[in-house]
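Heads up, the thing below is written out as C-alpha cells.
The sequence lines fix the lettering, A, B, ..., with proteins before strands; numbering per chain opens at 1. Keep in mind it's a predicted model, so treat the numbers as computed, not measured.
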Amino acid sequence: MKGLVFCPPIRFHSAGPNSFDSAYPMRLSRYFLPILRDTPKEAEIVSHRLMLRAGMIRQEASGIYAFLPLGFRVLQKVCQIVREEQDRAGAIELLMPTIQSAELWRESGRYEAYGKEMLRIKDRHERDMLYGPTNEEMITEIFRAYVRSYKDLPLNLYHVQWKFRDEIRPRFGLMRGREFLMKDAYSFDIDQEGARHSYNKMFVAYLRTFARLGLKSIPMVAETGPIGGNLSHEFIILADTGESEVFCHRDYLGFEVPGDNVKFDDAAELEAIVGKWTSLYAATSEKHDAKAFAALAADKQVSARGIEVGHIFYFGTKYSAPMKAVVAGPDGTERPVHMGSYGIGPSRLVAAIIEASHDEAGIKWPEAVAPFKVAILNLKQGGADTDPACEQLYQALSAKGVDVLYHDLDERPGAKFATADLIGLPWQVLVGPRGLAEGKVEVKRRSDGSRELMSPADAIERLAT
RNA sequence: CGGGGCAUAGCGCAGUCUGGUAGCGCGUCUGGUUUGGGACCAGAAGGUCGCAGGUUCGAAUCCUGCUGCCCCGACCA
C-alpha cells in the first residue's frame, strides 16, 4: 500500500510442482490487510464472517466480491493446485472470454432454456450477448473449428475464468455468489468408452485436488441439472455448516486418495479407482435413498452436512450433435464427439476450506493454501533485542523460500495474537523479551495451538522444511 | 419471485414513536506513558442521516415514490 518493497516474482502456473518455492514475504507495515474487529452484520455464516474480518474480500454488490490481497493469495494458491492436477491428468489450459454471443447459445437451444439465471446484455449494436454462466457452447465451437479426425482425440481443454449466474438469491458470501471463479474442463472423445476414460481421469484428478487442498471429498451421485447428461458426480466435502444434507458410508472417510504416480493413461487402473470410490453408498438429499442407506450397518452410516466443491458430467453428444462438432472415425465416417464437462469453483473452495477449518479465534489454513506459511510476531516492537531477532528471522526465512508475514506494527502483543489467529497462518513465531532472554523464540502451530520454545536457528530449520 | 427486516462516521450501534439541524463504542490521526492474549491519558479529524419529491417556520424523525442490502422459502460450481 505504501509502495513495493520489491517486485515479487510473477508466478505462472504450469512451472512444475516447485513453482511456489520462490519467497514472497511481506511486512505487515507495507501490506494492505484491512482487519475488522467487529463482524459486519450482513455476514451470517462463518466463512463469510471470517473472510470479511480477515480483510480477504469486499462485497461490491449482492453476490459480487473483490478479492483483497490476502484473499487473492489464497485464491491463487487454490488455482495453482487445481491447475497442477488438471495438467497432470492431461488437460490443457486455454482461456475463453467472459462475454459470449447469444448466437452460439441459440445453436444449442440453451439460450431460451437457460432462464433468468443467465445475465443477458446487449452491445451498442443491439446484438444479444451474455455473460457466460458456463462454456460448453463456446468450447464446442472452438473444437469444431479445428478438429476433424479421431487421431486428434482424446482432448481435454480447460480454463479458469469468472462466471456469472444471476442467482435468485445470492447468499453466504463466496459460497453462493453470482460472480464466481470456475475451473471448467471439457473432454472430447470419439466414443462413449473413450469418454468414460476421460471422465475417470477427471474423477481421479478431483480426488487428488481436494486432498491437496486439505479437504476430504466424497464423490456422490448427482443430478445433472441444465448441463444435461446421464453420468454425473458431485464432490462433496463434509462441514457442519454445509448447505446440503448428505448421506454416505463411513468407510469413504478412510479411503486412500490416489498418489501422484497414478497412470492416467491406464484406463483399467483408473476404472478400478473410480469403481472403488463409487462402490459404497453416497448421496445428497436430492438423490437420497433412505432404504439403501438404512441397510448399512448402523456404525457405517454417516449423515452430515456437505458443501459441493466440484461437479463432473458426461453428456455425450448433447452439444456436439446440434452444433455439428463431428470427427471422422477410423472408418472414415463422421460422427459427433462425445463430451463431458468438469467444474471446480476455486472461489467457493476458499470459503469451503474455511468452513471446514476454523475455530472461535479465526481461520486455520491448511498449509497448501495458506496466504503465508509463517507469521513473525514481534511482541515488543522497537525493542533492542526483539527487533533484530525478528529481522534476522524474516530475512533467513525469506531467503529459504518461506512465505512469511512479519507483523512489525507497533501494537500490543494481545492485538498481534488476535490478528495472527484471525488470519490463520499455519505457524506463528512469537519473539518477545521474555524468551529472548534465554535465547529462545516460541513457535506456535495454529492448527492445534501447540507451542514450543526453541532457538531462532532451530525455528528457521523447523519452518523451512 | 413471495414473506420479513435494515439503510445514521471506516465497523458496530443509539436517536425516528413524541419534528428544533446528530451522538456513543471501536477504529483513524497527534503527543506522551506502555508492551507475552485486542493498554492508558490528553487532544483532534471524520457524517449532503441511501436517493428524489412533498408537508412544515424548521425533517434523520412525518408522507409519497425509488434504490441498495440482509434474512426465510423454491434454483445452483
(request) Scan side-chain atoms only and decide if A:Glu112 and A:Trp105 contain a donor-acceptor pair under the 3.5 Å cut-off. (result) no
(message) Please report the distance separating the P of B:C17 from the corresponding atom of B:C75, rounded so that it comes out in whole Å.
(response) 43 Å
(message) At 4.0 Å (heavy atoms only), tell me whether A:Gly177 reaches a base, stays on the sugar-phosphate, or touches nothing.
(response) base
(request) Considering just the side-chain nitrogens and oxygens of A:Arg412, establish if one lies under 4.0 Å of OP1 or OP2 belonging to B:U34. (result) no
(request) Report yes or no: does A:Lys373 contribute a side-chain atom to a donor-acceptor pair with the main-chain N or O of A:Leu463 at less than 3.5 Å? (result) yes
(message) Please determine whether a side-chain nitrogen or oxygen atom of A:Arg169 lies at a distance below 4.0 Å from atom OP1 or OP2 of B:C72.
(response) yes
(request) Mark yes or no for whether A:Glu438, through its side chain, and A:Lys440, through its backbone, hold a donor-acceptor pair below 3.5 Å. (result) no
(request) Using distance alone, with no hydrogens and no angle criterion, decide if A:Asn135 and A:Gln161 have a side-chain donor and acceptor under 3.5 Å apart. (result) no
(request) Please answer whether B:G36 and A:Phe417 are stacked, defined here as ring centres separated by less than 5.5 Å and planes angled under 30°. (result) no
(message) From CD of A:Glu179 over to C1' of B:A77, roughly how many Å is that when rounded to an integer?
(response) 14 Å
(message) Under a plain distance cut-off of 3.5 Å, with no hydrogens placed, do A:Tyr319 and A:Arg110 share a side-chain donor-acceptor pair?
(response) yes
(message) Going by purine N1 to pyrimidine N3 plus the second Watson-Crick contact, or the G-U wobble pair, all under 3.5 Å, which nucleotide sits opposite B:G36?
(response) none
(message) Applying side-chain hydrogen bond (donor to acceptor under 3.5 Å, both in side chains) to A:Gln428 and A:Lys416, what does each step give before you reach the verdict?
(response) CA-CA 10 Å; A:Gln428 299 171 15; A:Lys416 293 195 178 185; over 6 Å; no
(message) Under a plain distance cut-off of 3.5 Å, with no hydrogens placed, do A:Tyr206 and A:His233 share a side-chain donor-acceptor pair?
(response) no
(message) Looking only at the side chains, is there a donor atom on one of A:Gln80 and A:Glu84 sitting less than 3.5 Å from an acceptor on the other?
(response) yes
(request) Under 4.0 Å between any heavy atoms, over every strand shown, what does A:Leu379 touch: base, sugar-phosphate, or nothing? Just pick one. (result) base
(message) If you count every heavy atom of other residues, nucleotides or ligands that lies below 6.0 Å from A:Glu103 atom CD, does the total exceed 12?
(response) no
(request) Can you tell me the distance, in whole Å, between the CD1 atom of A:Ile45 and the P atom of B:C71? (result) 9 Å
(request) Return the value, rounded to whole Å, for the distance between atom OH of A:Tyr65 and atom C1' of B:C70. (result) 10 Å
(request) Name the residue closer to the 5' end of RNA chain B, choosing between A:Lys440 and A:Phe180 according to the nucleotide with the nearest heavy atom. (result) A:Lys440
(message) Below 30° counts as parallel, above 60° as perpendicular, anything between as tilted: where do the rings of A:His48 and A:Tyr65 land?
(response) perpendicular
(message) What I want to check is whether the side chains of A:Ser320 and A:His338 have a donor and an acceptor closer together than 3.5 Å.
(response) no
(message) Salt bridge check, A:Arg49 against A:Glu44: does any charged N sit closer than 4.0 Å to a carboxylate O?
(response) no
(message) Is it the case that the base of B:G37 and the side chain of A:Arg451 share a donor-acceptor contact (distance under 3.5 Å, atom types as modelled)?
(response) yes
(message) Using a heavy-atom cut-off of 4.0 Å across all strands, would you classify A:Lys116 as base, sugar-phosphate, or nothing?
(response) nothing
(request) Under the ring-ring contact (aromatic ring centres under 6.0 Å, His included) rule, collect the residues that match up with A:Tyr186, sequence neighbours excluded. (result) none
(message) Between A:Arg305 and A:Asp240 (salt bridge meaning N to carboxylate O under 4.0 Å), is one present in this structure?
(response) no
(message) Please give the distance between the P atoms of B:U56 and B:C63 as a whole number of Å.
(response) 16 Å
(request) Evaluate side-chain hydrogen bond (donor to acceptor under 3.5 Å, both in side chains) for A:His159 paired with A:Asp184, printing each intermediate quantity in order. (result) CA-CA 6 Å; A:His159 76 337; A:Asp184 39 328; 3.0 Å; yes
(request) Identify, residue by residue, the members of residues 428-438 of chain A with a heavy atom below 4.0 Å from RNA chain B, and return them in order of residue number, or none. (result) A:Leu430, A:Gly432, A:Arg434, A:Gly435
(message) Rounding to an integer number of angstrom, what distance separates B:A60 and B:C13 when you compare their C1' atoms?
(response) 15 Å
(message) Applying the Watson-Crick and G-U wobble criteria at under 3.5 Å, what pairs with B:C6? Answer none if nothing qualifies.
(response) B:G68
(request) May I have the distance from A:Met182 (atom CE) to B:C76 (atom P), rounded to whole angstrom? (result) 14 Å
(message) If we count only N and O atoms by modelled type, under 3.5 Å, do the side chains of A:Tyr314 and A:Asp189 hold a donor and an acceptor together?
(response) no
(request) Answer yes or no: does atom CG of A:Asp448 have more than 12 heavy-atom neighbours from other residues, nucleotides or ligands under 6.0 Å? (result) yes
(request) Provide, to the nearest angstrom, the distance between the CZ atom belonging to A:Arg176 and the C1' atom belonging to B:G73. (result) 13 Å
Between protein and nucleotides 22-32 of chain B, what N or O pairs are separated by less than 3.5 Å?
unit_1 : atom_1 : unit_2  : atom_2 : d
B:G27  : OP1    : A:Arg37 : NH1    : 3.4

(message) Please report the distance separating the C1' of B:G50 from the corresponding atom of B:G5, rounded so that it comes out in whole Å.
(response) 16 Å
What's touching nucleotides 66-69 of chain B from the protein side, N or O pairs under 3.5 Å?
unit_1 : atom_1 : unit_2  : atom_2 : d
B:C69  : OP1    : A:Ser62 : N      : 2.7
B:C69  : O3'    : A:Gln59 : NE2    : 3.2

(request) Using the C1' atom on both, measure B:G65 against B:G73 and round to a whole Å. (result) 28 Å
(request) Specify the separation, in whole Å, of atom NE2 of A:His311 and atom C1' of B:C76. (result) 10 Å
(message) Can you check the distance between B:C62 and B:G2, where both ends of the measurement are the C1' atom (answer in whole Å)?
(response) 30 Å
(request) State which of B:C72, B:A77, B:G36 makes the closest approach to the side chain of A:Glu442. (result) B:G36
(message) Please give the distance between the C1' atoms of B:G47 and B:G4 as a whole number of Å.
(response) 29 Å
(message) Rounded to whole Å, please give me the gap between CG in A:Asp184 and C1' in B:C76.
(response) 15 Å
Could you pull out the protein-nucleic contacts involving nucleotides 42-45 of chain B (nitrogen or oxygen on both sides, under 3.5 Å)?
none

(request) Give A:Glu308 one of three labels, base, sugar-phosphate or nothing, depending on what nucleic acid heavy atoms sit under 4.0 Å from its own. (result) sugar-phosphate
(message) Hydrogens and angles aside, do A:Glu271 and A:Asn200 bring a side-chain donor and acceptor to less than 3.5 Å of each other?
(response) yes
(request) Whole angstrom is fine here: how far is it from CG in A:Leu409 over to C1' in B:U34? (result) 17 Å
(message) Both distances below 3.5 Å, Watson-Crick or wobble geometry, any strand: find the nucleotide opposite B:U28.
(response) B:A44
(request) Could you tell me whether A:Ser347 contacts a base, only the sugar-phosphate backbone, or nothing, with contacts defined as non-hydrogen atoms closer than 4.0 Å? (result) nothing
(message) Go nucleotide by nucleotide along RNA chain B from the 5' end; which of A:Phe172 and A:Lys444 gets its closest nucleotide reached first?
(response) A:Lys444
(request) Check every strand shown and say whether A:Asp421 touches a base, only sugar-phosphate, or nothing at a heavy-atom separation below 4.0 Å. (result) base
(message) At 4.0 Å (heavy atoms only), tell me whether A:Arg53 reaches a base, stays on the sugar-phosphate, or touches nothing.
(response) base
(message) Between B:G46 and B:U55, how far apart are the two C1' atoms, rounded to whole Å?
(response) 33 Å
(request) Determine which nucleotide pairs with B:G73, using a 3.5 Å limit on both distances of a Watson-Crick or G-U wobble pair. (result) B:C1
(request) Say whether, by atom type as modelled, one donor and one acceptor occur between the side chain of A:Lys183 and the main chain of A:Tyr342 under 3.5 angstrom. (result) yes
Polar atoms only, N or O, under 3.5 Å: list the protein pairs with nucleotides 4-9 of chain B and their distances.
unit_1 : atom_1 : unit_2  : atom_2 : d
B:C6   : O2'    : A:Lys41 : NZ     : 3.0

